[in-house]
Amino acid sequence: MMRIQKILKAGVAGAMVTLIAASAYAAGGAAEKMTADADVAKLSGVVLTQKLADGLPPSIKSSGVLKVATDLTPPISFHGEDGKLIGIDADIAAALGVILGVDVEMTDVGAGAAIVPSILAKRFDISISGINDDPELEKQVDVIDYMYDATTIMTIKGNPLAIKGLEDLCGKKVAVPVGTFQAKMVEAASAKCATPVKIMSIPKMPDVLQAVRTGRADATVNGYATSVYTTEHQTGNGKGLQALPDIRLAVGYLGMLTAKDNPQLRDSVVAALQQIVDSGAYETIMKKWSLGPLAVKTVKVNDAASMPAD
């Protein structure tokens, strides 16, 4: 039985991430106001809920703006043909804005490694991005676990190198996002190889995928959500990509991040998310992006340790 209620445990913590993030800040885009499209605005549960709006921190109530960090991981968050941010996170962010009665300004910070430092530095109030929860991350920030994922391997369509698992990556060129659990996973696998993996560390996920499409890399170790979407919606120059569906590696959640000294925001967002879960709006959004099986039933906080270890 396929176990897609699992997630890669993110390694987006520590001093290395902080150093990488310093340059990533400059690569980010401009803040974009997220407005609920008609298909989201009409969903049950996506309504102003004054009790939850009143529970927001005074600073956010005063400004009327929730500042959100994201990075590009389709279909979680990515740019549409018109350049606007779209995806699961864009829809959820817009729904949160309606429920909490605030403007949601979302900024692509340029690379996932910039997310944690940007929250710690109070540049943003929250991240809504494909960040993988793990116990080490929870020591730095509060993690709102809002969807599942798993890790798989992606290669060129048809899998010409007959890759069946991590052991088959030995001696191959493998692209991975900088500062992530996927990168650590490949490094650990490489240490067991007679011929080490040739690891290509690339800051942005779209560029990781493009490296495989164009033959610069033989494969990538990637999130299940992104892999499924990419396989169904081939974009970019080069050959088509293929997720290897029988491979399910690592387990856990994707989470939104808030500062540990901001429990009011955390609790308001958790309650708003649970409202759209209970109303069915959340599942509708997940199905819209072909990821219904990854929907959670209960929004939890700092729950990585509850997930299986393998």
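Numbering of residues begins at 1 and proceeds along the displayed sequence.
Cluster membership check: L48 does not share its hydrophobic cluster with L56, using side-chain heavy-atom separations under 4.5 Å among Ile, Leu, Val, Met, Phe, Trp and Tyr. Connection of V47 to L43 is not established within any shared hydrophobic cluster, with ILVMFWY side chains joined at heavy-atom distances below 4.5 Å, either directly or through further cluster members. L244 and L169 fall within a single hydrophobic cluster, where Ile, Leu, Val, Met, Phe, Trp and Tyr are joined by side-chain heavy atoms under 4.5 Å apart, directly or via other members. Under the 4.5 Å side-chain heavy-atom criterion for grouping Ile, Leu, Val, Met, Phe, Trp and Tyr, M307 is connected to I144 within one hydrophobic cluster.
A distance-only check finds no donor-acceptor pair linking the side chain of K139 to the backbone of P135 [under 3.5 Å]. A side-chain donor-acceptor contact under 3.5 Å links T152 to the backbone of I247. The closest donor-acceptor contact from the side chain of T220 to the backbone of V208 lies at 3.5 Å or more, if one exists at all. Within the 3.5 Å criterion, the main-chain N or O of E138 finds no donor-acceptor partner in the side chain of N302. Judged by distance alone, the side chain of S62 and the main-chain N or O of P58 form no donor-acceptor pair under 3.5 Å. No side-chain donor-acceptor contact under 3.5 Å links S77 to the backbone of T73. Proximity of a side-chain donor or acceptor of S279 to a complementary backbone N or O of S44 within less than 3.5 Å is detected. Listed for the D37 side chain is no donor-acceptor partner under 3.5 Å among the backbone atoms of V40.
For the side-chain contact (heavy atoms from CB on, under 4.5 Å) test with Y282, the passing option among V299, L273, V296 is V296; the others fail.
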message = Checking D142 against R266 for the salt bridge (charged side-chain N to carboxylate O under 4.0 Å, His left out) test, could you report, in this order, the C-alpha distance in whole Å, the side-chain angles of both residues, the deciding distance, and whether it holds?
response = CA-CA 8 Å; D142 282 333; R266 177 199 66 203; 3.0 Å; yes

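Nearest heavy atom pair, residue V46 against residue A281, reads CG2-CB, 4.1 Å. Across all non-hydrogen atoms, the minimal contact from P177 to Q182 is CD-CB, 4.4 Å. The heavy-atom pair separating P203 from V178 by the smallest distance is N-CG2, 3.6 Å. Heavy-atom minimum distance, A211 versus M200: CB-CE, 4.4 Å. A pairwise comparison of heavy atoms in G83 and H79 identifies O-ND1, 3.1 Å as the closest pair. Smallest separation of non-hydrogen atoms from I76 and G130: CG2-N, 3.8 Å.
Residues D303 and Y253 bring a donor and an acceptor atom of their side chains to less than 3.5 Å of each other. When only modelled atom types and interatomic distance are considered, Q275 and T49 share a side-chain donor-acceptor pair under 3.5 Å.
For the pair K122 and D261, the salt-bridge criterion is met [side-chain N within less than 4.0 Å of a carboxylate O]. Salt-bridge annotation for K33 and D103: present, with a side-chain N of the basic residue lying under 4.0 Å from a carboxylate O of the acidic one. The pair K184-E187 does not count as a salt bridge, with every side-chain nitrogen at least 4.0 angstrom from each carboxylate oxygen.
Around NZ of K67, the count of heavy atoms belonging to other residues, nucleotides or ligands within 6.0 Å does not exceed 12. In E167, the CD atom is crowded: over 12 heavy atoms of neighbouring residues, nucleotides or ligands sit closer than 6.0 Å. The environment of K198 atom NZ is sparse: at most 12 non-hydrogen atoms of other residues, nucleotides or ligands sit within 6.0 angstrom.
Sorted by first and then second residue, the pairs that involve residues 110-199 and meet disulfide (SG to SG under 2.5 Å), not counting sequence neighbours, are C170-C193.
To the nearest 0.5 Å, the span separating CD on Q242 from CD1 on I163 amounts to 10.5 Å.
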Can you give the donor-acceptor pairs under 3.5 Å from side chains of residues 84-101 to other protein atoms, not counting sequence neighbours?
from	atom 1	to	atom 2	distance (Å)
D89	OD1	Y146	OH	2.7
D89	OD2	S129	N	3.2
D89	OD2	Y146	OH	3.3
D91	OD2	K288	NZ	2.9
D91	OD2	W289	NE1	3.0

